[in-house]
There are 2 protein chains.
Amino acid sequence: MKAKVHVTLKQGVLDPQGKAVQHALAALGFDGVNDVRQGKFIELELTETDPKKAETEVEAMCQKLLANMVIEDYRVDILEG
Amino acid sequence: MKAKVHVTLKQGVLDPQGKAVQHALAALGFDGVNDVRQGKFIELELTETDPKKAETEVEAMCQKLLANMVIEDYRVDILEG
């Protein structure tokens with residue numbers, strides 16, 4: 001069973017990496033970019049076959065390791081099969 | 001108009017960051033993880049209002065800056081409104 005996890009900075013948290021990308025895009029001539037936010041995208045291959053249990057397990061992984069809960073949000077999507 | 005970009009390593013390209021996460025998860029007691037791949041998730045806020053033009057523009061950004069086309073794939077999703 002596969003899980004996809006998006007880890008993004010909470011709204012209001014400064015994103016220097018995103019700002020750097022925005023400035024680099026402007027320097028390359030891409031003017032119409034008002035804002036850039038950069039997050040992480042993590043794909044997990046799990047042995048668990050029950051979607052509910054898999055989701056609970058991946059949420060625990062996010063809270064313990066994958067996301068910094070002080071400044072980041074996460075979203076878990078479980079892909080059946 | 002918003003665009004969401006996923007940048008992931010091509011299949012077959014070694015992912016040391018993903019492996020490090022996998023080992024860290026195992027060390028925390030999460031045994032049922034067979035593979036971890038880590039990519040980037042980039043959200044862009046664009047002034048462009050035409051979805052087709054926005055998509056073309058973001059694909060150019062991916063090819064020039066956001067993705068390393070030698071080892072990475074990208075996926076662009078344009079969100080209307």
Side-chain angles (χ1 to χ4, degrees), chain A residues 1-11 13 15 17-50 53-67 72-79, chain B residues 1-11 13 15 17-50 53-67 72-79:
Chain A
M1 179 155 280
K2 283 198 175 204
K4 290 178 191 278
V5 176
H6 287 83
V7 178
T8 50
L9 282 171
K10 283 184 201 286
Q11 266 210 320
V13 176
D15 182 359
Q17 200 177 9
K19 283 282 168 239
V21 171
Q22 189 180 344
H23 292 142
L25 286 171
L28 286 171
F30 296 106
D31 299 320
V33 183
N34 293 332
D35 194 28
V36 180
R37 306 279 287 174
Q38 184 162 341
K40 283 179 281 186
F41 174 58
I42 303 157
E43 290 170 292
L44 301 149
E45 181 71 51
L46 306 167
T47 49
E48 181 61 64
T49 50
D50 181 73
K53 281 187 194 163
E55 189 168 355
T56 309
E57 197 182 4
V58 175
E59 285 191 358
M61 292 178 197
C62 288
Q63 285 163 21
K64 284 198 184 162
L65 181 77
L66 304 178
E72 290 174 328
D73 289 322
Y74 65 85
R75 199 184 81 217
V76 175
D77 297 299
I78 301 290
L79 278 73
Chain B
M1 181 154 280
K2 283 198 175 202
K4 289 177 192 278
V5 177
H6 288 83
V7 178
T8 49
L9 283 171
K10 283 184 201 287
Q11 267 209 320
V13 176
D15 182 359
Q17 199 177 9
K19 281 283 167 240
V21 170
Q22 189 181 343
H23 292 143
L25 286 171
L28 285 171
F30 295 106
D31 299 319
V33 183
N34 292 333
D35 194 29
V36 179
R37 305 279 288 175
Q38 183 162 342
K40 285 180 280 185
F41 173 59
I42 303 158
E43 290 171 294
L44 300 149
E45 180 71 50
L46 307 166
T47 50
E48 183 61 63
T49 51
D50 181 73
K53 284 187 194 165
E55 189 168 354
T56 309
E57 199 183 3
V58 175
E59 285 191 356
M61 292 177 197
C62 288
Q63 285 163 21
K64 285 196 182 163
L65 181 77
L66 303 179
E72 290 174 327
D73 288 321
Y74 65 85
R75 199 183 81 217
V76 174
D77 298 298
I78 302 290
L79 278 73

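Proteins get letters first, then strands, A, B, ... in listed order; numbering begins at 1 in each. Only this structure's heavy atoms are used, side chains among them; waters, hydrogens and symmetry mates stay out.
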Next on the checklist: Need one label for Ala54(A): side chain, backbone, both or neither, based on atoms under 4.5 Å from any heavy atom in chain B.
Outcome noted: neither
Checklist entry - Can you say whether Leu28(A) sits under 4.5 Å from chain B via the side chain, the backbone, both, or neither, judging by heavy atoms? => result side chain
Next on the checklist: So which residue, Asp31(B), Val58(B), Leu65(B), Thr8(B), ends up with the most heavy-atom pairs under 4.5 Å with chain A?
Outcome noted: Leu65(B)
Checklist entry - When only pairs under 4.5 Å are counted, which of Val33(B), Val7(B), Thr47(B) shares the most heavy-atom pairs with chain A? => result Thr47(B)
Next on the checklist: Going by side chain to side chain donor-acceptor pair (under 3.5 Å), name the residues that satisfy it together with Glu43(B), two or more places apart in sequence or in a different chain.
Outcome noted: Lys4(B)
Item to check | Asp35(B) side, atom CG; Leu44(A) side, atom CG - distance, nearest 0.5 Å | outcome: 9.0 Å
Checklist entry - If we only count heavy atoms from C-beta on, is the Leu46(A) to Asn34(B) side-chain gap below 4.5 Å? => result no
Next on the checklist: Taking ring-ring contact (aromatic ring centres under 6.0 Å, His included) as the cut-off, I'd like each qualifying pair that reaches into residues 28-49 of chain B, sequence neighbours left out, listed once.
Outcome noted: His6(A)-Phe41(B), His6(B)-Phe41(B)
Checklist outcome for this item: Given Glu48(A), Lys40(A), Met61(A), Gln38(A), the one with more heavy-atom pairs under 4.5 angstrom with chain B than any other is Met61(A)
Checklist entry - Non-hydrogen atoms of chain A under 4.5 Å away: do they reach the side chain of Ala3(B), the backbone, both or neither? => result neither
Checklist entry - Above 12 or not: heavy atoms from other molecules or residues under 6.0 Å from NZ of Lys10(A)? => result yes
